Each structure stands twice: as structure tokens, then as C-alpha cells.
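Written below as C-alpha cells is the structure these notes are about.
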Amino acid sequence: MTTFKSDFLNILQSRGFIHQCTDAEALDAQACAGTITAYSGYDATASSLHAGHLVQIMMLYWLQKTGHRPIVLMGGGTTKVGDPTFKDTQRPLLTDEQIQSNMDGIKSVFTNFLTFGNGPTDAIMVNNNDWLSEFGYIEFLRNFGTHFTINRMLTFDSVKLRLEREQPMTFLEFNYMLMQAVDFRELNSKYGCVLQMGGSDQWGNIVNGVELTRRLNQKPAFGLTTPLLTTASGAKMGKTLGGAVWLNADALSPYDYWQYWRNAEDADVGKFLKLFTDIPLDEIARLEKLQGAEINEAKKILADAATRMVHGEAAAQTARDTAQKAFEQGVLSADLPTVEIARSDLEASIMLAALATQIGLTQSNGEARRLAQGGGLRVNDAAITDGNQNITLNDLNSDGVIKVSQGKKKIVLVRPV
RNA sequence: GGGGGAAUGUCCCGAGCGGCAAAGGGGGCGGACUGUAAAUCCGCUGCGUAAGCUUCGCAGGUUCGAGUCCUGCUUCCCCCA
């Protein structure tokens, strides 16, 4: 393991953020010499970012912590084209309205991690649509197209894979690489940005940007990628019961977010603590040593810290209390996920299977019935194997709610209104 | 322009003599074991309370009956020019 002189690279290195770097020594020297500006980009493909983006966000966080300036690049322009990198089919094109509304949703998370403003190390947010949409077609081709050869572009794994799989890649998608490279160059010209950070899948795209910047601006430029994250058992990171681990509270509640980290595999705890929290390394070293059931303590600390970073201290605390009550004390907390249903429905009595579907636990009555049959559906902690059983006002507990659980981890409170 | 091949259960891969709600696997979900972990084992995985209904790129046709045969169309791949 190389040792760096700059705090920035040292921290990234020791916390496991670095996969590849174009010229780590020179970058280290620059980071030592003064404030550097670095960026990472986010395309507006969904209305919220998810856990997979977190690594990049955390790098920006440490960048600023160690006295440098982060740029958050919103891909308003690049999203119009769509990144083909390591995908085997083209994604449907988004409309301008969708892109705009997705960007609006994404923006908010960054304020939890970064301080924005006009100071020397304050973060700034820019949108690549501002410059990409300004170029005329021929102008773009003449300015930048001359610096890329098809021969070289075809050798990048991201493209090569698609071709080897005999999947078509449109000319539109093929241009994405250029646009991303132009972004880097633009940020270098405007803000003196010298570093682009991204996931390991972005290596090819990043290298292109580095080279274009060096060539056109005659300035040093660097690229740094993070390792591809999988869980210890090999699964892709960021899936939870029912979907992606979104960072926006309206897409995934802080309670569910907390649960995601709490349920991490033993073997991942140390890695996650380093990447997704700001807990000091010596403390992490101590937590990693916990064996057997004791490691559950470390998981709670992980969940607390990770939730705090995204949703704030109060939300993290509430999530922890709620989970602790529900799983350790067997007590219901009003902060558990709650769904309101019409009192009249309960008066008339509603079939359990239909109820489960209505509150989002299952997708169809049939699925709910099968789930019940397998013993996976409980009402007020009593397993009910017959999905046809009727649920009525009589099932309300002393708190005036019905506790419906799917499996061991999913609990929904039904509240009549 | 000519010739050949491919599209399967709304997550993926993938079998399928004209009787098929459709083999198998991955993934997912549930159960057991545990520690809200992993590994392992077991069950479920189109909709419907049910009768039944709707699925195999799209549209027609043959047939008692079609994912399976015929015609046209769409998309993709390969070869020749």
C-alpha cells in the first residue's frame, strides 16, 4: 500500500475508495501544494440517487473535509443521450421534463454532505446541459471529434463488451463518451478542476476526459475510480426488500434506510463503515474485531452513522429507536411504517390477502395467499395461513392499529381513519 | 439488394413430438436453523375466493385443439453483394 502525503488521498486510500488512479503521485503532489478542485457527475435517470452513488458522494465529502473544492455535476445534458457504459441495451430516452424533475429530486441530497457557497472550498453545482446544448453539431465535431479515433473508442471495455455480445450500439450512445470528456475539459477551463472521480465502470470515460483536457488546455488532469461494490456474498449492492436503496426520504424512509445497513452481512461491516460513515479508522478497527453476535453492535453503529449522513441525526435516532423497539423489545412504535385505510372497509371486514395487497406488502391477492400459506404473513404477531380470513375492527390492538408483518423484517401498521 | 437465423412466463438465462399455465436454472420472496448475518435445507414465484381468465415479438389463417404448422408485418443477429 502506497502512502500519500496529502490528507485527501491518504484518507481515500485507507478507507478503501481507490481502485485506479491515472497518476496518483502527481495528484498527491498537487493536493499537497494547495487547494484542488475535483468533480463527479450524476445523470438524472431517476428522481433520487441510491446507495450505489454514495461512494462518489462520500469522496466529495472527504475532498471538502480535507480542504479542497468539490463540484457536483448534474448531467442534464448527458442524460439526454444516455450512458451506454456496460449496459447491453439502450435505455429508453427520457423527456426534458422527466430529466428536469429528476434533477430537482437528486439535488437535495448533496446539501447533507457538502457545504455550498462562494468560498474557496465551498462546493458548487453545475449542469452540463448549460454548455453541451450550446454547441452546434459541426462545431462540436470539429472542436472535439478530431481528438478521438474510432479505433481507440472501440477498444474500451465498455464499448467492446456491447459489440462482443452482438448487441447494437447506436451512434447516439456512442457519443456519450465524448460528451463526458468535454465536460471535464469545460470544468477545467472554467473552474480549474483537475480531477474527475467515478465508479470503476467509468474508467474509460474518465480517461478520455483526462486526455482531452491535457491536450486542449495544456493542463494536468487526473482521474480516479472507486472499486465496484458488491456485498461479501457477491450480490450487487443497494437492493433492499422491495427495491433500490434510495437516498431521498420520500423514496425510501429513513427507517428502511437504517434497516438496510443494519442488515449488512458480517463480512461487509468493516468495509461499509469505512466507505459510508465518517467514523475514525481506529474506532472502525475496534468494531471490526467484534465476533459472533457482538458484531450486531457494530451494525447498529453503521446504520446510525450511515443514516445520519443522509437523513440527519434526528431521523437516525428515530429509526434506531423504532427498530430497537420492534425487534429487540417486541414493542410497537408509532414510527413504524403506517398505512391508513378507511374505517368503513374494516367495518365491512376485509380479506387478509386483499389487505396485504392494499398496504403494499404484496402485489396481488394470489401472492398474498401463497405467502400466508407458507407462514410468512402475520397479523398482530399471529401467523395466519389462510389468506381468505377476514380482518375486521376486532383485530385492532390496544393502540388502535393492526400490526401486519411479512416475514421477520417487514412490518406495517394499519390505522383506520 | 439476395440468403440464413432469432424473438418464450411483462427481472434475467433458457428447454419446449400440435393437447401447455408451459421443463430447468439464476434472481426474488417465505419457512427452518441463527445473531434482524452468512452458509445450508425446504416451500412459493401469471390473474382470480372459485368456476374460470389471460400469457410465448405483432396481425391474420389451418386445426376439435397452436408457443409449436402456414401467410404477412416489426425488431435484432449472421453471411453474400
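Each chain gets a letter, A, B and so on, in the order its sequence line appears, and its residues count up from 1. Owing to the predicted nature of the structure, the values given are computational and were not obtained by experimental measurement.
Side-chain atoms of Asn205(A) and Gln202(A) form a donor-acceptor pair, as typed in the model, at a separation below 3.5 Å. Side-chain polar atoms of Gln100(A) and Asp96(A) form no donor-acceptor pair below 3.5 angstrom.
rU55(B) sits 15 Å from rG16(B) when the C1' atoms are compared, rounded to a whole Å. rG24(B) and rG43(B): their P atoms are spaced 12 Å apart (whole Å). Here the separation of rU40(B) from rC47(B), taken at their P atoms, is 28 Å to the nearest Å. The P atoms of rC64(B) and rA59(B) are separated by 24 Å, rounded to the nearest whole Å. Between the C1' atoms of rG67(B) and rA15(B), the separation comes to 12 Å (whole Å). Nucleotides rG61(B) and rG4(B) place their P atoms 27 Å apart, quoted to the nearest Å. With P as the reference atom, rU10(B) and rG1(B) are 38 Å apart, rounded to whole Å. For the C1' atom pair drawn from rU68(B) and rU36(B), the interatomic distance equals 48 Å after rounding to whole Å.
Contact detail for Leu302(A) and Trp261(A): the closest heavy-atom pair is CD2-O, 3.8 Å.
Along RNA chain B, the nucleotide closest to Leu377(A) and the one closest to Ala267(A) are compared, and the more 5′ of them pairs with Leu377(A).
Under the Watson-Crick or G-U wobble criterion, with both distances below 3.5 Å, rC41(B) is paired with rG31(B). Look at rA59(B): its Watson-Crick or wobble partner, with both distances under 3.5 angstrom, is rU71(B). Pairing of rC47(B), defined by two Watson-Crick or G-U wobble distances under 3.5 Å, is identified with rG52(B).
With a glycosidic angle no further than 90° from 0, rC20(B) counts as syn.
Trp261(A) comes within contact range of no nucleotide atom at all, as no heavy-atom separation falls under 4.0 Å.
Ring pair Phe276(A)/Phe272(A) is perpendicular by interplanar angle, where above 60° counts as perpendicular and below 30° as parallel. Between Tyr257(A) and His311(A), the two ring planes are perpendicular [angle over 60°; tilted spans 30° to 60°].
Residues of residues 285-299 of chain A that place a heavy atom closer than 4.0 Å to RNA chain B, in numerical order, are Gly292(A), Ala293(A), Ile295(A), Asn296(A), Lys299(A). Taking a 4.0 Å limit (strictly below) on heavy-atom distances, residues 300-331 of chain A reaches RNA chain B at Ala323(A), Phe327(A).
Remark: C1' of rU36(B) and CD of Gln406(A) are 15 Å apart, rounded to the nearest angstrom. What separates CG of Asn263(A) from P of rU34(B) is a distance of 18 Å, to the nearest Å. Atom pair Lys410(A):NZ and rC29(B):P shows a separation of 9 Å (rounding to whole Å applied).
A salt bridge links Arg286(A) with Glu283(A): the closest approach of a Lys/Arg side-chain nitrogen to an acidic carboxylate oxygen falls below 4.0 angstrom. A salt bridge between Glu297(A) and Lys300(A) is present, with a side-chain N of the basic residue lying under 4.0 Å from a carboxylate O of the acidic one. Between Arg308(A) and Glu313(A) there is a salt bridge, with a side-chain nitrogen of the basic residue lying less than 4.0 Å from a carboxylate oxygen of the acidic one.
Taking only side-chain nitrogens and oxygens, Lys409(A) never comes nearer than 4.0 Å to OP1 or OP2 of rG35(B).
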**Q.** Sugar-phosphate or base contact per nucleotide [nucleotides 39-54 of chain B; S, B, -; heavy atom under 4.0 Å]
**A.** S----SS-SSS-----
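Taking the six-membered ring for Trp and the full ring otherwise, the centers of Phe135(A) and Phe144(A) sit less than 6.0 Å from each other.
Taking NZ from Lys65(A) and CG from Leu60(A), the interatomic distance works out to 14.0 Å, rounded to the nearest 0.5 Å.
In terms of modelled atom types and a separation under 3.5 Å, the side chain of Asn208(A) and the main chain of Gln180(A) share no donor-acceptor contact.
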